[in-house]
Amino acid sequence: MRYLMTALGFAFFASQASALGLSDLSNADTSKGLKEALIQGADKAVSQLGSVDGFLKNPQVKIPLPESLQKAEKAMRMFGMGKQADELVLKMNRAAEAAVPEAKTLLVNSVKQMSVQDAKDILTGGEDAATQYFRKTTSGPMANKFLPIVKKATENVDLAQQYNKFAEMGNKYGLVKKDQANLEQYVTQKTLDGVYLMMAEEEKAIRKDPMGQASNLLKKVFGAVK
């Protein structure tokens with residue numbers, strides 16, 4: 001993920017440099033440099049999260065049981081249902097890992113369709129400006145891609161089906177939150193959240209240390225900044 005927002009960090013430095021501001025860079029170079037770096041970064045991000053244990057072994061994005069099941073988990077284990085709970089956590093996270101590769105094409109297309117103004121807004125925006133751009137342009141299509149994969153991964157898990165029956169009824173009586181009333185929808189949203197969380201974390205880190213993360217690509221594009 002460290003390569004994902006290299007462009008942003010170095011460009012942020014460029015915008016603050018006294019010798020050369022963002023306005024002194026050509027629109028073509030500004031847009032081209034950012035797009036190339038973000039496309040490379042999208043590939044790295046998808047590869048990391050879409051690998052085995054990309055979600056399960058990463059505490060920042062690991063998908064836990066829905067809250068209502070977490071409250072019942074202790075009792076479940078007392079009655080010998082710990083194995084089922086563990087299986088569901090495993091299946092949810094494996095579903096996320098299987099779904100993430102579908103994000104690559106959407107992320108790349110979003111970058112390719114980025115306007116010059118979008119690029120400048122990202123370069124001079126807040127510490128998660130690029131992440132918010134991706135969330136705005138890809139969250140809907142990405143959810144549509146993820147959901148069928150999540151459904152397939154959890155359809156044979158008994159506890160998942162039992163949960164859906166309970167949660168649907170619980171939601172009607174205000175006992176289960178709307179965003180947790182369906183397990184597949186819950187996992188899909190958590191997968192999206194995981195993707196954007198990792199993007200935001202890296203973007204924030206690189207903005208704080210732009211020179212330390214400058215790549216050869218960006219040094220070439222912004223070669224005038226010394």
Side-chain angles (χ1 to χ4, degrees), residues 1-6 8-9 37-71 73 85-108 110-111 126-155 157 159-160 163 167 176-209 213:
M1 287 292 295
R2 188 153 294 280
Y3 298 95
L4 177 59
M5 297 302 171
T6 300
L8 302 175
L38 290 180
I39 287 174
Q40 289 179 16
D43 183 62
K44 295 285 185 180
V46 169
S47 295
Q48 181 181 7
L49 289 175
S51 62
V52 175
D53 292 335
F55 272 79
L56 188 65
K57 298 297 185 180
N58 184 339
Q60 287 186 288
V61 297
K62 181 181 178 180
I63 302 175
L65 292 171
E67 288 180 15
S68 54
L69 272 183
Q70 288 182 36
K71 293 175 182 177
E73 184 177 4
D86 292 338
E87 180 191 16
L88 183 55
V89 170
L90 176 64
K91 289 290 187 179
M92 291 191 302
N93 284 275
R94 289 289 184 255
E97 293 158 10
V100 164
E102 294 294 321
K104 181 177 178 179
T105 298
L106 294 172
L107 292 170
V108 169
S110 177
V111 173
E127 62 184 15
D128 66 344
T131 305
Q132 292 306 319
Y133 171 81
F134 278 124
R135 186 182 288 274
K136 179 180 69 175
T137 58
T138 66
S139 60
M142 205 179 289
N144 291 336
K145 289 282 190 179
F146 288 175
L147 185 58
I149 298 172
V150 172
K151 285 183 176 179
K152 184 175 180 179
T154 59
E155 64 184 358
V157 181
L159 185 56
Y163 173 82
V176 177
K177 294 179 180 179
K178 184 177 180 180
D179 62 355
Q180 298 182 24
N182 177 275
L183 189 74
E184 293 82 8
Q185 294 282 358
Y186 166 76
V187 174
T188 295
Q189 186 57 54
K190 287 294 186 182
T191 305
L192 287 171
D193 291 344
V195 171
Y196 296 129
L197 173 64
M198 297 306 292
M199 288 181 174
E201 287 293 308
E202 188 62 20
E203 180 180 356
K204 181 179 178 180
I206 293 178
R207 282 183 185 274
K208 285 184 177 181
D209 183 23
Q213 305 304 327

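For the single chain, residues carry numbers from 1 onward in sequence order. Atoms considered below: every heavy atom in the structure, side chains included; atoms not considered: hydrogens, waters and symmetry mates.
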Using atom types as modelled, flag every donor-acceptor pair under 3.5 Å from a side chain in residues 88-98 to any protein atom, sequence neighbours excluded.
| unit_1 | atom_1 | unit_2 | atom_2 | d |
| --- | --- | --- | --- | --- |
| N93 | OD1 | I63 | N | 2.8 |
| N93 | ND2 | I63 | O | 3.0 |
| N93 | ND2 | V89 | O | 2.8 |
| R94 | NH1 | D53 | OD1 | 3.1 |
| R94 | NH1 | E97 | OE1 | 2.9 |
| R94 | NH1 | E97 | OE2 | 3.4 |
| R94 | NH2 | D53 | OD1 | 3.1 |
| E97 | OE1 | D53 | N | 3.3 |
| E97 | OE2 | D53 | N | 3.3 |
| E97 | OE2 | G54 | N | 3.3 |
| E97 | OE2 | F55 | N | 3.1 |
| E97 | OE2 | L56 | N | 3.1 |

Can you list the residues that meet the side-chain contact (heavy atoms from CB on, under 4.5 Å) rule with D193, with sequence neighbours excluded?
R135, Q189, K190
Residues at least two apart in sequence or cross-chain that pass side-chain contact (heavy atoms from CB on, under 4.5 Å) with E67, listed by chain then number, are K177, Q180
Return the set of residues passing side-chain contact (heavy atoms from CB on, under 4.5 Å) with E184 (not counting sequence neighbours), or none when no residue passes.
L147, V150, K151, T154, Q161, N164, N182
With rounding to the nearest 0.5 angstrom, report the CD to CG distance, Q60 to L197.
5.5 Å
Flag, side chain of Y196 to backbone of S139, donor-acceptor distance under 3.5 Å:
yes
Shortest non-hydrogen pair, A85 vs L65, comes out as O-CD2, 4.0 Å
Nearest-0.5 Å distance, CG of residue L159 to CD of residue E87
8.0 Å
Here the salt bridge (Lys or Arg N to Asp or Glu O under 4.0 Å) pairs for residues 136-145, sequence neighbours left out, are none
Closest approach of A99 and F146, non-hydrogen atoms and distance?
O-CE2, 3.1 Å
Pairwise distance CG(D128) to CZ(F134) - rounded to 0.5 angstrom:
12.5 Å
Interatomic distance, L49 atom CG to T191 atom OG1 [nearest 0.5 angstrom]
9.5 Å
Approximate separation, where rounding is to 0.5 Å, of L69 CG and L183 CG
8.0 Å
State, to 0.1 Å, how close Y163 and P66 come at their nearest heavy-atom pair, and which atoms those are.
OH-CB, 3.4 Å
Which residues pass the side-chain contact (heavy atoms from CB on, under 4.5 Å) test with T137, sequence neighbours left out?
S110, Y133
To the closest 0.5 Å, what do you measure between NZ (K57) and NZ (K62)?
7.0 Å
